[in-house]
Student: 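Structure below; questions to follow.
Order of the sequence lines fixes the chain letters, A, B, ..., with proteins taken first and strands second; residue numbering starts at 1 for each chain. Source: prediction; values computed, not measured.
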Amino acid sequence: MAYAYLFKYIIIGDTGVGKSCLLLQFTDKRFQPVHDLTIGVEFGARMITIDGKQIKLQIWDTAGQESFRSITRSYYRGAAGALLVYDITRRDTFNHLTTWLEDARQHSNSNMVIMLIGNKSDLESRREVKKEEGEAFAREHGLIFMETSAKTASNVEEAFINTAKEIYEKIQEGVFDINNEANGIKIGPQHAATNSTLSGGQGGQQAGGGCC
Amino acid sequence: MDGPDPQEDSFRHGDGSDSRPTRDEGDQDHALPRNTSPANQRTAIKLPNGHVSCMCDARDPSPQCSGEVVVNGELLSVAESSAAPSTSSLLCASRPQSGHVSPQDDEDEPRGRRSSSSSSEAVDRTRESETASNDCLSEAEPCSSRTLSSPEDSESCSDPAFMDVSLCSRNTYEISRRQSAPDNVAEPAEPDLRQKKHGISEIFGRGLFSRKQKESASAPGWKLFGKVPLRESPPKDSKTIQQESNPGNLTSVSTPNLLSAGEYEAKTVKGAHSPSQPSQGRRKNLEFEPLSTTALILEDRPANLPAKPEEEAQRHRQEYDEMVAEAKRRELKEAQKKKQQMKERFKQEDSIVNAMVVWNTEVLPNWDSMRSTRRVKDLWWQGLPPNVRGKVWSLAIGNELNITPELYEIFLSRAKERWRSFRETGSEAEAEADSGASLADRESSLDLIKLDISRTFPSLFIFQKGGPYHDLLHSVLGAYTCYRPDVGYVQGMSFIAAVLILNLEEADAFIAFANLLNKPCQMAFFRVDHELMLKYFSVFEVFFEENLPRMFSHFQSSNLTPDLYLIDWIFTLYSKSLPLDVACRVWDVFCRDGEEFLFRTALGILRLYEDVLVHMDFIHMAQFLTRLPEHVSAERLFSSIYSIHMTSSNRKWPQVFSALMKDKESDKSGSPTLKSS
């Protein structure tokens with residue numbers, strides 16, 4: 001299917017916080033209680049609509065283990081959005097946010113939109129991180145914040161879509177140079193032809209093959 | 001004549017998955033749940049005798065069909081203990097003659113009938129028999145009820161009783177009956193028949209039993225069924241439509257085996273003798289015979305029913321023939337396929353046995369002299385027999401590290417100590433909260449191993465908590481982190497250890513594990529030595545371009561770099577991405593050929609899917625390669641791997657690799673995405 005824009009997302013965060021489950025819930029609308037371990041990187045894609053425009057999300061789901069950080073770092077390049085995930089039932093995953101954020105800021109485009117996600121909100125009884133703490137962290141670092149549950153699907157759509165809205169607004173404001181693919185945005189084949197205001201030249205903009 | 005009649009539908013409340021009335025329903029007679037779902041009609045097929053029957057295949061039963069099955073009460077099913085291949089069983093029992101059924105009867109089947117004066121007795125009997133049959137059928141029940149509720153399960157349901165279900169749609173049949181014999185009201189109470197039927201009804205849901213009662217009156221005009229003991233006539237004859245009517249003698253099919261446990265010696269319909277006695281030997285002959293086809297019987301319309309117009313009869317006969325032909329075709333095809341599969345399997349088993357003998361008697365005793373011979377190498381490529389696999393892997397991996405079982409025990413007890421102290425201090429550390437100091441340790445620690453073990457081959461259910469290999473896997477990984485604290489536990493290791501545990505004893509698995517991870521390629525990856533990994537990817541790309549130039553340039557133009565898929569493949573040695581049996585075969589040759597085979601396998605996979613991949617864009621390729629199709633045939637993969645040649649301009653893998661290593665200092669360019677940042 002044709003799309004107006006393609007956004008690259010990266011999902012990061014400690015191992016076992018539910019990154020792959022969030023992705024699966026978002027792309028397939030299902031939950032797998034025991035998900036395979038992610039080694040290296042896995043991928044997901046889905047089309048969403050914002051402001052009447054078709055936007056294709058290309059999502060990179062990374063391995064969370066510390067040892068893989070160096071590999072993960074190379075995947076920030078070209079991401080327009082990042083979902084930084086922690087597990088509300090494991091405080092250490094929250095405590096690691098700072099290092100994740102450093103990595104993200106350092107290796108990505110400075111305009112990359114980061115959504116902080118406290119996952120597993122269905123496990124209220126095992127909660128170790130208060131929602132307020134997540135909110136405070138997000139405020140302090142200029143992130144969007146949401147608590148989600150990949151299991152119940154609560155807020156999962158919103159997390160992915162709100163991130164896209166934020167990116168879209170930045171495009172509208174001209175913050176993103178959409179002609180620079182390093183920003184993680186590609187103009188869809190169709191859109192590129194008609195869009196004169198946003199894209200000056202379209203060289204090399206053959207967005208990902210154009211097939212959805 | 002065959003429109004759905006909602007009232008009739010009330011018989012079918014037992015159909016379908018949803019309602020399965022409990023058996024103590026005091027008055028089923030009156031309180032039959034009504035399921036008026038029109039879906040019930042959908043599977044109905046019009047049969048030559050003017051009735052509509054539900055054609056169902058046991059392989060593809062739909063709830064509606066399952067329900068119908070009972071209807072006729074006379075269960076034609078034969079339960080033999082031999083694992084019956086799933087077969088289609090079709091039965092259409094035509095309603096008996098008219099004689100006794102009143103329209104009212106039809107409309108109000110359960111209720112009207114039961115409430116009629118003669119029926120009260122019948123009800124009692126019914127209950128009795130129900131009880132009796134429960135005992136007999138209790139075994140069959142779980143299976144059949146499962147089938148009812150989820151059609152897909154039917155295949156796995158091995159209870160033959162269920163496979164042999166007869167199917168019959170009553171609905172239209174009732175209607176037609178009504179039409180044809182509007183005036184007959186008498187109702188025969190046939191307690192004995194009823195008894196027989198109830199047993200069966202138990203299987204499908206008790207509510208149906210009322211329906212059965214009625215059925216008992218029926219002398220089926222014709223029926224389709226598989227594996228029914230109707231075998232007096234040779235299969236070919238069964239297809240024929242008999243023209244003369246033999247009203248008295250219609251078929252009852254007994255269900256001796258289904259009910260065998262009990263006193264229910266399946267009986268025949270009213271005094272009629274059963275045309276068929278179940279013959280025990282019969283089933284065997286059926287092995288590759290089209291089952292339902294041979295069992296399809298069209299009997300004549302009972303004389304006391306008004307005759308069908310010739311034209312209609314003709315048409316029905318033709319339809320019937322078509323159905324039979326279709327069923328036969330399908331079954332023949334299935335049977336052939338099965339036969340082929342069996343043949344292949346036997347062949348495979350034979351060759352495994354032969355190979356096993358060779359490995360055990362010739363190769364293993366003379367390992368050092370034989371291992372590099374052409375013959376052994378060829379044998380090796382074919383795949384190691386499972387029971388020598390572990391041994392061969394161990395020998396091939398070697399034990400450069402000189403690890404002994406005692407050493408393993410030492411590291412294991414050290415690991416256990418650490419766990420203990422970790423558990424004790426764990427809570428304190430938590431209390432001290434954000435000190436942050438212990439956090440890094442923790443992640444690399446045994447805690448993470450625990451988390452990952454449950455995510456290792458989750459579908460096998462053997463490594464998860466409580467599973468037979470959970471502790472073993474934990475031990476091997478834990479001991480390794482104590483043995484090589486410099487490497488520690490890295491994700492992916494759990495898969496390698498798991499595969500080894502499946503093939504070797506604990507200490508041997510550890511020894512193989514430690515030595516395997518000590519190989520240069522594995523060490524580079526598990527230490528996440530980025531530079532070195534890039535070298536491996538670059539070498540891989542050399543052979544990629546050499547072997548699959550078209551795909552290589554497609555990958556390049558899509559910016560799909562090898563790290564995106566190779567990392568997972570190499571870290572887990574394919575055990576996560578390929579089916580386990582196929583992965584083991586890759587391991588076999590990896591043990592024979594070393595690291596280059598891992599990359600050759602990668603090229604084999606790419607080559608296998610080349611036609612699909614070259615038409616995909618980045619994201620689809622990336623998704624495809626990080627989640628390969630579930631069914632990968634080892635044969636196809638290996639023949640694909642076979643055609644990958646690991647030479648490039650006369651250089652083999654090691655030469656290319658060392659050449660690149662030499663360039664290391666001068667040239668820093670590697671895989672574009674993996675440039676370390």
Side-chain angles (χ1 to χ4, degrees), chain A residues 6 8 14-17 20 27 32-46 56-78 87 90-96 98-99 103 106-108 128 181 186 206-212, chain B residues 430 433-434 436 438-440 442-444 447-448 451-452 454-459 464 487-492 494-495 526-530 533 557-559 561 563-572 576 615-627 671-677:
Chain A
L6 183 147
K8 171 179 168 179
D14 276 9
T15 183
V17 297
S20 299
T27 57
Q32 227 175 350
V34 185
H35 199 276
D36 281 8
L37 208 47
T38 303
I39 291 166
V41 59
E42 289 182 10
F43 298 87
R46 208 186 111 179
K56 185 172 178 177
L57 301 183
Q58 180 192 91
I59 305 151
W60 296 44
D61 169 31
T62 64
Q65 196 188 3
E66 172 70 33
S67 331
F68 290 108
R69 285 285 179 95
S70 60
I71 295 173
T72 307
R73 278 182 201 123
S74 59
Y75 298 145
Y76 287 107
R77 212 166 60 101
D87 174 354
R90 278 163 60 211
R91 174 156 291 277
D92 52 331
T93 66
F94 180 76
N95 293 337
H96 290 162
T98 348
T99 56
D103 257 14
Q106 198 180 334
H107 298 99
S108 70
E128 285 183 11
E181 269 191 40
K186 289 180 186 178
Q206 260 323 315
C211 141
C212 133
Chain B
E430 208 118 291
D434 304 57
S438 65
L439 294 175
R442 265 183 94 181
E443 196 191 50
S444 61
D447 220 19
L448 177 56
L451 181 70
D452 282 356
S454 65
R455 301 195 282 173
T456 304
F457 296 122
S459 56
Q464 284 60 49
V487 181
Y489 167 74
V490 179
Q491 287 181 329
S494 62
F495 284 86
F526 282 106
R527 293 186 144 183
V528 200
D529 180 339
H530 223 137
M533 285 166 74
S557 60
S558 309
N559 273 326
T561 51
D563 54 294
L564 300 181
Y565 49 94
L566 280 185
I567 285 180
D568 178 65
W569 293 353
I570 305 294
F571 267 90
T572 63
K576 181 168 163 277
H615 294 110
M616 290 181 175
D617 62 355
F618 170 86
I619 189 71
H620 286 89
M621 286 192 287
Q623 282 181 290
F624 186 94
L625 294 172
T626 50
R627 205 158 284 271
S671 178
T673 42
L674 253 192
K675 268 173 200 144
S676 36
S677 15

Student: Under 3.5 Å, is there a donor-acceptor pair between the side chain of Gln65(A) and the main chain of Tyr489(B)?
Tutor: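 Yes.
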
Student: Minimum heavy-atom separation for Gly44(A) to Ile619(B), with atom names?
Tutor: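 Looking at all heavy atoms of both residues, the shortest contact is O-CD1, 3.7 Å.
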
Student: Could you have a look at Lys576(B), Arg527(B), Arg455(B) and say which one has the most heavy-atom pairs with chain A under 4.5 angstrom?
Tutor: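 Among Lys576(B), Arg527(B), Arg455(B), the one with the most close pairs to chain A is Arg455(B).
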
Student: For chain A, which of Thr626(B), Leu566(B), Thr456(B), Leu625(B) has the most heavy-atom pairs under 4.5 Å?
Tutor: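 That would be Thr626(B).
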
Student: Look up atom CG in Leu451(B) and atom CZ in Arg90(A), then write down how far apart they are to the nearest 0.5 Å.
Tutor: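 Between atom CG of Leu451(B) and atom CZ of Arg90(A) there are 5.5 Å.
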
Student: So what's closer than 4.5 Å to chain A heavy atoms on Phe457(B): side chain, backbone, both or neither?
Tutor: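 For Phe457(B), no heavy atom lies under 4.5 Å from chain A.
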
Student: Could you tell me the separation between the CD atom of Gln58(A) and the NE2 atom of His620(B), rounded to the nearest 0.5 Å?
Tutor: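 Between Gln58(A) CD and His620(B) NE2, I get 10.5 Å after rounding to 0.5 Å.
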
Student: So, taking the atom named CZ in Arg69(A) and the one named NE2 in His530(B), what distance separates them when rounded to the nearest 0.5 Å?
Tutor: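 So the CZ of Arg69(A) and the NE2 of His530(B) are separated by 14.0 Å.
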
Student: In terms of heavy-atom proximity below 4.5 Å to chain A, should Ser459(B) be classed as side chain, backbone, both, or neither?
Tutor: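 Contact with chain A is absent: no heavy atom of Ser459(B) under 4.5 Å.
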
Student: Parallel, tilted or perpendicular, judged at 30° and 60°: which one describes the rings of Phe43(A) and Phe618(B)?
Tutor: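 Phe43(A) vs Phe618(B) ring planes: perpendicular.
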
Student: Pairs under 3.5 angstrom only: tabulate donor-acceptor contacts from the side chains of residues 32-41 of chain A to other protein residues two or more places apart or in another chain.
Tutor:
{"from": "Thr38(A)", "atom 1": "OG1", "to": "Ser20(A)", "atom 2": "OG", "distance (Å)": "2.7"}

Student: What part of Ser454(B) gets within 4.5 angstrom of chain A, counting heavy atoms only: side chain, backbone, both, or neither?
Tutor: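 Contact with chain A is through the backbone of Ser454(B) alone.
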
Student: Check whether Ser494(B) gets within reach of chain A through its side chain, its backbone, both or neither, counting any heavy atom under 4.5 Å.
Tutor: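 Just its side chain gets close to chain A.
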
Student: Could you work out, with salt bridge (Lys or Arg N to Asp or Glu O under 4.0 Å) as the rule, every residue matching Lys8(A), not counting sequence neighbours?
Tutor: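 Listed in chain order: nothing, the list is empty.
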
Student: Would you compute the distance between atom CD1 of Ile71(A) and atom CD1 of Ile567(B) and round it to the nearest 0.5 angstrom?
Tutor: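 Going from the CD1 atom of Ile71(A) to the CD1 atom of Ile567(B) covers 4.0 Å.
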
